[in-house]
J.: 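Take a look at the following structure, please.
Bear in mind the structure is a predicted one, so any value in this text is a computation, not a measurement. In what follows, every chain begins at residue 1, and chains take the letters A, B, ... in the order their sequences are listed.
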Amino acid sequence: MQGASSVLMEVKQDIAQRITKAVEKAQEKGELPQDLSMEVKIEIPSRSEQGDFATGAPMAMARQVKSNGRTVAGIIVKHLDIDDSPVLRVDIAGPGFLNFFLDRSWLERAMARIWSEGPSYGRSDYCRGRKVLLEFVSANPTGPMNVVNARAAAVGDCLASLLEMSGCQVSREFYVNDAGNQTDILADSLEVRYMQALGQDAQMPENGYQGDYIKDLANDLVQEKGSSLCDLPHPQRHDAIKEYALERMIAWQKRTLLDYGLEFDTWFSEKSLRDSGAHNHIIEVLKAKGLTYEKDGALWFKSTEFGDDKDRVLVKSDQQGSATYIVPDLAYHKNKLERGFDHLIDILGPDHHGYINRLSAGLMGLGYPKECLEILIVQTVRLVKGKELVKMSKRGGEFITMDELLEDVGKDAARFFFLMRSPESHLDFDIDLARLQSNENPVYYVQYAHARIASIFRQANQEGFNVAAGPSEVQFNLLKDPSELSLMKMLAAFPEEVHEVSKAREPNRIIKYMMDVASVFHTFYTKCRVLGEDRQVSEARLYLARLAQIVIANALRAIGVSAPESM
RNA sequence: GCGCCUGUAGCUCAGGGGAUAGAGCACCUGCCUUCUAAGCAGGGAGUCGCAGGUUCGAUUCCUGCCAGGCGCGCCA
């Protein structure tokens with residue numbers, strides 16, 4: 001069965017199949033019409049009196065049959081075969097819900113699965129065999145990384161982890177913009193600061209980068225090379241300075257991301273692609289396919305033929321006949337596909353949404369299917385200080401860098417904070433609030449649950465409990481408090497949760513899940529003392545606590561946040 | 001003008017064609033001689049931006065409007 005890799009999924013599929021069979025029986029007897037399209041979605045109701053599982057399928061069918069939900073539900077229940085299944089009872093409720101009440105055998109199996117899978121619990125094989133290239137951050141190497149980069153880094157890394165857990169083979173890639181205009185401006189800016197550091201007269205160009213980091217680079221450059229670069233003729237000096245600047249800036253980016261707990265699989269150089277002649281190839285292919293034309297001295301791509309709202313220039317009408325950015329970007333994405341990835345995901349900033357159509361038009365022009373590229377837009381981060389908006393501009397100099405953010409709030413809080421919000425919603429980041437490093441931060445709520453469990457085990461060890469009692473030794477039926485049942489159900493949902501969140505590309509939902517797990521654990525902790533008089537009960541609860549710890553640890557690992565043993 | 005995103009509790013935000021709309025923070029009341037009180041239990045707090053439409057049922061889907069943010073280059 002496809003993707004049925006958790007006990008919860010198996011149980012849901014079993015119930016769905018039994019409903020489908022019941023409907024078929026009803027159809028044979030003419031109680032329901034033949035042409036009935038249905039999708040039986042099994043849900044977990046929020047209220048326990050609504051059963052362990054529920055579905056609204058009868059109501060959806062009632063619409064097609066022009067009957068009402070309760071009637072259809074009644075027909076289904078009449079034909080429903082629940083023998084040889086954990087289903088004890090089925091209720092018809094409300095306007096036509098089916099509520100299923102199950103015995104605990106499935107929970108016992110689900111818990112045993114967590115125990116045996118341990119650190120890999122949460123994995124499924126839903127997208128086994130898919131090779132995904134996830135490109136994100138890809139910040140220009142012309143300045144320090146900012147909080148938007150930090151947001152994209154959190155979202156991309158988490159999404160990559162979740163996709164991996166769902167069975168995809170994922171490659172995290174950073175596209176290095178080490179060619180093009182902005183690298184020349186970077187070199188010019190550094191050159192000016194370099195000359196100035198040597199006491200020479202030099203004027204910063206108007207579009208130059210003003211930040212102090214350029215001055216720091218200049219001082220280092222003087223340390224390393226003295227004034228030797230001044231003796232070079234201008235073009236060579238420019239190139240040498242550019243190379244130095246890029247190397248240093250990229251090393252800086254890597255360091256910052258490493259502090260964030262993020263390591264990319266590949267750093268793909270734009271320049272290497274440019275040097276390989278891949279650009280000309282793009283232009284040739286599009287030309288050969290008759291998808292280009294000349295106008296106003298420029299070469300245009302008929303991107304409107306593929307859904308873009310206007311045609312795009314490929315080769316400018318300037319003296320050098322230089323290519324626009326579309327060409328290298330197409331070459332880059334073509335290269336990705338040629339490397340054997342069957343699906344590409346780009347995470348981009350909101351200023352790029354107009355870019356989606358032209359890029360996918362280009363890829364279609366090159367003969368690739370539209371679906372091979374998926375672009376996720378991560379919305380803006382606005383920095384606020386109390387009520388005041390902090391302007392961010394690379395040239396102006398005043399912005400909060402990713403480094404500063406990490407120093408102020410730490411990677412755990414930063415990542416958690418960015419992931420809490422849905423990626424496409426705007427985010428106001430209150431620096432003053434974040435700097436408080438207060439215990440009010442929701443990240444502590446989840447981490448605290450993990451630390452509490454670790455503490456129980458330290459204590460249990462000291463008191464000589466069997467802390468390694470697994471499913472075969474534990475008396476499972478001693479776990480019967482409502483808080484224990486809620487916790488077990490929550491833990492059983494983890495693999496499916498991971499898969500759904502990764503499929504929807506909404507990492508924020510895993511945060512919600514973690515908060516819920518932490519919440520039911522804290523309730524359990526308060527209501528049910530783990531280490532008590534009754535050894536059997538204690539060991540059963542230790543077992544459950546261990547399972548909760550596994551899930552919390554696995555989830556924290558997926559979002560790149562540490563799981564502390566104590567706090 | 002066109003395009004994208006957003007509008008839900010005092011604040012920051014989840015959710016989502018159905019059964020009583022949620023969380024964190026803030027506020028109020030209880031709970032530590034026992035595994036970590038960064039916790040638990042309870043309480044107050046909402047015309048789900050406005051108006052139409054589809055539906056047995058809309059806060060959720062569709063259309064229009066209002067408000068806020070962002071983008072619309074032969075820059076990348």
J.: Quick one: does Arg546(A)'s side chain have a donor or acceptor within less than 3.5 Å of a partner on Ala469(A)'s backbone?
T.: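 No; zero donor-acceptor contacts below 3.5 Å.
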
J.: Show me the dot-bracket string of RNA chain B, counting Watson-Crick or G-U pairs under 3.5 Å, with | for pairs to another strand and [ ] for crossing ones.
T.: (((((((..((((....[...)))).(((((.......))))).....(((((..]....))))))))))))....

J.: Nearest to the side chain of Thr526(A), which nucleotide is it out of G24(B), G39(B), C35(B)?
T.: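 Nearest listed nucleotide: G39(B).
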
J.: At less than 4.0 Å, is any side-chain N or O atom of Tyr445(A) found next to OP1 or OP2 of C40(B)? Yes or no.
T.: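 For Tyr445(A), the contact criterion (side-chain N or O under 4.0 Å from OP1 or OP2 of C40(B)) is met.
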
J.: Among residues two or more places apart or on two chains, list those pairs meeting side-chain hydrogen bond (donor to acceptor under 3.5 Å, both in side chains) that have a residue in residues 526-538 of chain A.
T.: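 As it turns out, the side-chain hydrogen bond (donor to acceptor under 3.5 Å, both in side chains) pairs with a partner in residues 526-538 of chain A, which skip direct neighbours, are Gln475(A)-Gln536(A), Asp481(A)-Lys527(A).
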
J.: Could you check whether any side-chain heavy atom of Trp267(A) comes within less than 4.5 Å of a side-chain heavy atom of Ile250(A), counting everything from C-beta outward?
T.: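 Side-chain contact under 4.5 Å: yes.
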
J.: Using the side-chain contact (heavy atoms from CB on, under 4.5 Å) criterion, which residues pair with Met490(A)? Sequence neighbours excluded.
T.: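 Listed in chain order: Tyr513(A), Asp516(A), Val517(A), Val520(A).
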
J.: Quick one: list whatever passes salt bridge (charged side-chain N to carboxylate O under 4.0 Å, His left out) with Arg151(A), sequence neighbours left out.
T.: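 Per chain and number, Arg151(A) pairs via salt bridge (charged side-chain N to carboxylate O under 4.0 Å, His left out) with no residue.
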
J.: Could you list the donor-acceptor pairs under 3.5 angstrom formed by side chains in residues 348-355 of chain A, with sequence neighbours left out?
T.:
from      : atom 1 : to        : atom 2 : distance (Å)
His353(A) : ND1    : Pro350(A) : O      : 3.4
Tyr355(A) : OH     : Asp329(A) : OD2    : 2.7

J.: If the condition is salt bridge (charged side-chain N to carboxylate O under 4.0 Å, His left out), which residues does Glu135(A) pass it with, not counting sequence neighbours?
T.: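 Expected list: Lys336(A).
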
J.: Mind checking what makes side-chain contact (heavy atoms from CB on, under 4.5 Å) contact with Lys334(A), not counting sequence neighbours?
T.: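 Here the qualifying residues are His281(A), Ile282(A), Glu338(A), Leu366(A), Tyr368(A).
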
J.: Give the B/S/- string for nucleotides 71-76 of chain B, one per nucleotide from 5' to 3', where a protein heavy atom under 4.0 Å of the base yields B, of only the sugar-phosphate yields S, and otherwise -.
T.: S-SBSB

J.: For nucleotides 13-18 of chain B, list the nitrogen or oxygen atoms of the protein found under 3.5 Å from its nitrogen or oxygen atoms, one pair per line.
T.:
from   : atom 1 : to        : atom 2 : distance (Å)
C13(B) : OP1    : Asp428(A) : N      : 3.4
A14(B) : OP1    : Ser422(A) : N      : 3.0
A14(B) : OP1    : Ser425(A) : OG     : 2.6
G15(B) : OP1    : Asn508(A) : ND2    : 3.3

J.: Report the residues that fulfil side-chain contact (heavy atoms from CB on, under 4.5 Å) with Met420(A), sequence neighbours left out, ordered by chain and then residue number.
T.: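 Result, side-chain contact (heavy atoms from CB on, under 4.5 Å) vs Met420(A): Phe416(A), Pro442(A), Ile511(A).
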
J.: Please work out which residues in residues 532-553 of chain A have a non-hydrogen atom less than 4.0 Å from an atom of RNA chain B and list them by number.
T.: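 Nucleic-acid contacts, sorted: none.
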
J.: Does the ring center of Phe53(A) lie less than 6.0 Å from the ring center of Phe101(A)?
T.: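 Here the rings of Phe101(A) and Phe53(A) have centres that are no less than 6.0 Å from each other.
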
J.: Could Arg312(A) and Phe301(A) be counted as a cation-pi pair, given that NZ or CZ must be under 6.0 Å from the ring centre and within 45° of the axis?
T.: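 No - Arg312(A) does not lie over the ring of Phe301(A) by the 6.0 Å and 45° rule.
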
J.: In chain order, what residues pass the salt bridge (charged side-chain N to carboxylate O under 4.0 Å, His left out) check against Arg274(A), with sequence neighbours excluded?
T.: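 Arg274(A) satisfies salt bridge (charged side-chain N to carboxylate O under 4.0 Å, His left out) with Glu270(A) only.
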
J.: Heavy-atom nearest nucleotide on RNA chain B for Ala454(A) versus Thr55(A): which residue maps closer to 5'?
T.: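 Here Thr55(A) is the residue nearer the 5' end.
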
J.: Quick check: Phe174(A) with Phe268(A) (ring centres under 6.0 Å apart)?
T.: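 No, ring centres 6.0 Å or more apart.
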
